[in-house]
Amino acid sequence: MRKNVDVSVTGIHSRPGEPTEKIVTSSAGVYEDMNDGRRMVEYDEEQDAGNGVVKVHNKVFISSDGKSMEIIRNGDTKNRLAFSEEHEYNTEYLTPYGALSMKIITNSFDFNENRQEEDMKVMAEYELEMDGQVLSDSMIIIEIKNAETI
């Protein structure tokens, strides 16, 4: 079943020597229960990158057991992110300026679903590393709400 949803994404990033950065985006999206039991949310987002707007198409896959999540991002930047409790994931972050090799180390992962309200919330706390150095301690919170059958 496909549903129209509102997607709110909050990213919180703490970098050594810098103030904590919080980015909140809201988008219209589509939710779908996949045949293999996973849940998929698809949405577009735009972020101000200082020198222009960055446009990205996102697909978020939540595992059937609710214990992991994968985000596939395409557009001005491209990457694949994977999160599950105490999991390390190597990824290539592709930008218009070149590719960056990074590692995501998930410290905690939580998925909550309210079937009556048709709301979901996914949260992952993680470290982002490049060349063995921690770039940031981060958190991503994805809230999916207001579903309507299409």
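Owing to the predicted nature of the structure, the values given are computational and were not obtained by experimental measurement.
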Original post:
Within a radius of less than 6.0 Å around CD of E18, do more than 12 heavy atoms belonging to other residues, nucleotides or ligands occur?
Top reply: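 Correct, the count exceeds 12.
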
With the side chain counted from C-beta on, respond yes when [X] and [Y] share a heavy-atom pair under 4.5 Å apart, and no when they do not.
X: E42; Y: H57; answer: yes
X: E113; Y: I62; answer: no
X: I142; Y: I71; answer: yes

Using every non-hydrogen atom in the two residues, find where [X] and [Y] come nearest and quote the distance to one decimal.
X: F109; Y: A124; answer: CD1-CB, 4.0 Å
X: P16; Y: L135; answer: CD-O, 3.8 Å
X: D44; Y: S27; answer: O-OG, 2.7 Å
X: T106; Y: A82; answer: OG1-O, 4.0 Å
X: F111; Y: G66; answer: CB-O, 3.3 Å
X: S8; Y: V24; answer: OG-CG1, 4.3 Å

Measure the [atom1]-[atom2] distance between [X] and [Y] for me, rounded to the nearest 0.5 Å.
X: S138; Y: N107; atom1: OG; atom2: CG; result: 10.0 Å
X: S108; Y: M139; atom1: OG; atom2: CE; result: 6.5 Å
X: I104; Y: I140; atom1: CD1; atom2: CD1; result: 9.0 Å
X: D110; Y: M69; atom1: CG; atom2: CE; result: 11.0 Å
X: T91; Y: M102; atom1: OG1; atom2: CE; result: 9.0 Å
X: M40; Y: D33; atom1: CE; atom2: CG; result: 10.0 Å

Original post:
Same hydrophobic cluster for M130 and Y93, using side-chain heavy-atom links shorter than 4.5 Å among ILVMFWY?
Top reply: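 Looking at the clustering, Y93 is in the same group as M130.
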
Original post:
Honestly curious: do V56 and I72 fall in one hydrophobic cluster under the side-chain, below-4.5 Å linking rule?
Top reply: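 The answer is no; the residues belong to distinct hydrophobic clusters.
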
Original post:
Pairs in or reaching into residues 127-143: which pass salt bridge (Lys or Arg N to Asp or Glu O under 4.0 Å), with residues at least two apart or in two chains?
Top reply: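 Qualifying pairs: E143-K145.
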
**OP:** Any ring pair (Phe, Tyr, Trp, His ring centres under 6.0 Å) involving residues 13-47? Give me the pairs, sequence neighbours left out, ordered by first then second residue.
**Re:**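 Sorted result for residues 13-47: empty, none.
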
Subject >> Stepwise salt bridge (charged side-chain N to carboxylate O under 4.0 Å, His left out) check, R73 with E45 >> reply: CA-CA 10 Å; R73 299 170 48 97; E45 68 179 321; 2.9 Å; yes

Original post:
Given the rule in the side chain to side chain contact (heavy atoms under 4.5 Å, CB included) test, do S136 and L128 qualify, once you have shown the distances and angles that lead to the verdict?
Top reply: CA-CA 5 Å; S136 69; L128 188 60; 3.8 Å; yes

Original post:
Between N112 and M120, is a side chain to side chain contact (heavy atoms under 4.5 Å, CB included) present by the stated rule, with each step listed?
Top reply: CA-CA 6 Å; N112 291 298; M120 288 174 268; over 6 Å; no

Subject >> SB check E85 K67 (cutoff 4.0 Å) >> reply: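 Not counted as a salt bridge, because no side-chain N and carboxylate O are separated by less than 4.0 Å.
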
Subject >> S63 side chain to S68 backbone, donor-acceptor under 3.5 Å >> reply: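 Yes, S63 side chain to S68 backbone: donor-acceptor pair under 3.5 Å.
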
Subject >> From CA spacing to verdict: side-chain hydrogen bond (donor to acceptor under 3.5 Å, both in side chains), T77, T95 >> reply: CA-CA 5 Å; T77 61; T95 73; over 6 Å; no

